[in-house]
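Worksheet for the structure shown next.
Below, chains carry the letters A, B, ... as their sequence lines are ordered, and counting in each starts from 1.
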Amino acid sequence: MDLGGLNESQRAAVCCIDGPLLVLAGAGSGKTRVITHRIAYMLERGIRPESIVALSFTNKAADEMRERLARMVGRRAGELVLGTFHSLGVRMMRARPEDFGVPKKFSILDQGDVYGLIRSILRDEGIHFAGADRRFDPGAIVQRISLWKNAFITPAQAQDPDKIESDYDEVAAEVYGPYEERLASLGAVDFDDLVCRIARALKSSDAAREYWQARFSHVLVDEYQDTNKAQFEVLRELVGARQNLCVVGDDDQAIYGWRGAKVANILGFDMYFPSAVTIKLEENYRSCAPILDCANAVIVNNQGRHDKVLLPQRDGGEPVTEVLAEDGPQETNWVTSRIRQLIKEEGVPGHAIAVLYRSTRQARSVEERLQEHGLAYRVLGGQAMYDKKQVKDALAYLKVLIYPTDEIAVRRAMNVPSRGIGGKSLERLLAHASAQRLSLMEAIHRCDDVPGIGGRPADGLRRFSELVRFGQSRMYASGSAALALRELLDRVALRDHVMRELGSSEAAAHRWADVERLLASVERFEQRAREAGQRRARWNEFFGSMTLERDKKDAGEDAGARGQVTLATLHSAKGLEWPVVFIIGCEEGIMPHKRVDAPRISDAIAGDVEEERRLFYVGITRARDRLFLTRAAARFERGRQVKCLPSRFLEELPEAVTRYNISTEESLTVEKIESMADAFLAKLALAKEAAASEDKRRRGAARR
DNA sequence: CTTGCTCTAGTTAGG
DNA sequence: CTAGAGCAAG
């Protein structure tokens, strides 16, 4: 294998395949190359692909890795165990459910399902909190439970009065137990279970541990700084005494502490694995020196970190520019017209430009302006396709057709569009179902037998029951679920329902397009199953992938092809790069965000300024050639004009940064100041000279 | 049970 | 200022 294209430390990281290895990969240091070369190298050394596990945090990263490897090693790439922690969890649970205490056919709840579950528990349990006349955001509760689960804190431990610091902690602790019970009774797991149940089982069961340790020989983890306690435990148990564990990450880019990631995992790697080798990748091939100077200058202000620095490998580069606007509109105006100038006058393609911001709401004003300029853009992140309501509604109908026993799907479908079936009716149905040992769907089919149900709800139930029967008969007759689903959705007029829910027809059309995409993907899936000669499509796989995978952008639809400017939060920009980057809103309160800096608010989870600094650092290191940092002196907030101070991180930037004030059009650089000084001195010298010659002349005149 | 109005709170995000 | 949730009336 040719390792010639790699530098010395990269080569070392590729070739050190046994034992624990920590690769500290600075931004832009060729991390992905190292990972792919390393796996190819391992294959070359005769390690079986199916015993190599390579984990990352997003499906996108995993797909990219797989593609690159396919190019390097061909079809063997397909035999690697390559994916996210969660996909590994699903894989292990599906293979040996008995190891992990889950039913053979467990279902995976997505965020929306979990929210619904928490809401219904809050309602049922509501009496307990009658004293507190507060509303509780299910999101904050879900987040706490998730953090607890990933830290192996049981419902009982969560109720420890010493640990409870706010009423949110209290409510969440109260909900936690019932939540776990409901999951069990639904035969379902949530995303957190996919990791922490694996960790628990491997710890407690010798048989499970031995089996899985024998199955996997080498483990590699990307973005290791983002791992949490549960993920760390999975890794530790999986690699066993051999400790063939290679972790790649950058503590300076740890920006997910708020969702439970433990920087300690990377900072203390050699404490957990004393024989660990550490390799630093510090050469940066991405950005020009002025940008890296900024990055280095900012990040040194953090305390707990591995000592390293980004070494520029590219020549030249123009100074980083700090831009001051009077207010928000002026800031976005300036950014968008600068973008327009770059594209129209300087020939920079749109996809080479990104606007980054701290919080999603900041995107809107930029979007509006870009639209006015007629510039194409895309917004990164946002809601996943499968998380959108209409898609989930359609998906629920599909599940009802294929798995009528799926209670979650039935509950969802039965009231979309609303058929007049409320909580009371559902309660009666469920009671009847469990008494008669029926599934919810069966109970609905026989709703006339259910005591206490009549009138409007009964009508709605009968209509729903008939609808499902219709759909199923169409499915059996045609042999295609996609076709049956299409007819079913037609009949319920889901499209009209979507249109009605959203006033504007444009927004509705947009959302309906997502449903069309779902239908298309169902069709493709069935098509593939037919081609593979399966008697029945493996719907389990389909639904599993719908829950686990965010929508993949259709090939050719990416930003590059359409020359779109990218809008992204600093979080979702991680791992990406652009020639030109704007970071907007560089102000105290936005970045660092006020919820982080403020003295711990009782119902907020304490954040930390160092993480905000790392976020800023991530933003800076996204830029290849040019970087603009903008801020406004004042903003409209909640209808009021508020003064804004520059972010403390701006003060940490080196002197060489250009400072530009939009209103006064003043632009000052060190070079400018120097050249101004030169000019001044030259003038001075000239004046002196003139004065001297004048003097001479005068003296001469006087002599004469 | 649904609809429409009022009130309130207001990071970041992935599987 | 807005979106989403809660509440009261139909």
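R259(A) has its CZ atom 7 Å from the P atom of dG14(B), to the nearest Å. In this structure, the CH2 atom of W258(A) is 4 Å from the C1' atom of dT12(B), given to the nearest Å. Taking atom OH of residue Y357(A) and atom P of nucleotide dG10(B), one finds them 21 Å apart after rounding to whole Å. When the C1' atom of dG14(B) is taken as reference, atom OH of Y115(A) falls 13 Å away, rounded to whole Å. When rounded to the nearest whole Å, the span between CG of L55(A) and P of dG14(B) equals 18 Å. The interatomic distance linking Q253(A) (CD) with dA13(B) (P) rounds to 16 Å, in whole Å. One can place CZ of R361(A) at 14 Å from P of dC1(C), the figure rounded to the nearest angstrom. Atom pair E637(A):CD and dT11(B):P shows a separation of 10 Å (rounding to whole Å applied).
Remark: the backbone N or O of A632(A) is paired with a side-chain donor or acceptor of E587(A) at under 3.5 angstrom.
Across dT12(B) and dA5(C), the matching P atoms stand 16 Å from one another, rounded to whole Å. One P atom belongs to dA13(B), the other to dG4(C), and the distance between them is 16 Å to the nearest Å.
Applying the 5.5 angstrom centroid cut-off and the 30 degree plane-angle cut-off, the aromatic ring of H593(A) is stacked upon the base of dT11(B).
We find that E233(A) and R236(A) are joined by a salt bridge, their nearest charged nitrogen and carboxylate oxygen being less than 4.0 Å apart. E466(A) and R463(A) are not joined by a salt bridge, as no carboxylate oxygen comes within less than 4.0 angstrom of a charged side-chain nitrogen.
Under 3.5 Å, the side chains of Y617(A) and N302(A) contain no donor-acceptor pair of N or O atoms.
When side chains are defined from C-beta on, D99(A) does not count as touching M92(A), because their heavy atoms never get closer than 4.5 Å.
Residue R364(A) is classed as a sugar-phosphate contact, given heavy-atom separations below 4.0 Å to backbone atoms only. Using a 4.0 Å heavy-atom distance criterion, F636(A) is classed as making no nucleic acid contact. Across all strands shown, D192(A) has heavy atoms under 4.0 Å from base atoms, whether or not it also approaches the sugar-phosphate.
Taking 4.0 angstrom as the limit, T569(A) places none of its side-chain polar atoms (N or O) nearer than this to OP1 or OP2 of dT11(B). Residue T360(A) has a polar side-chain atom (N or O) positioned under 4.0 Å from OP1 or OP2 of dT12(B).
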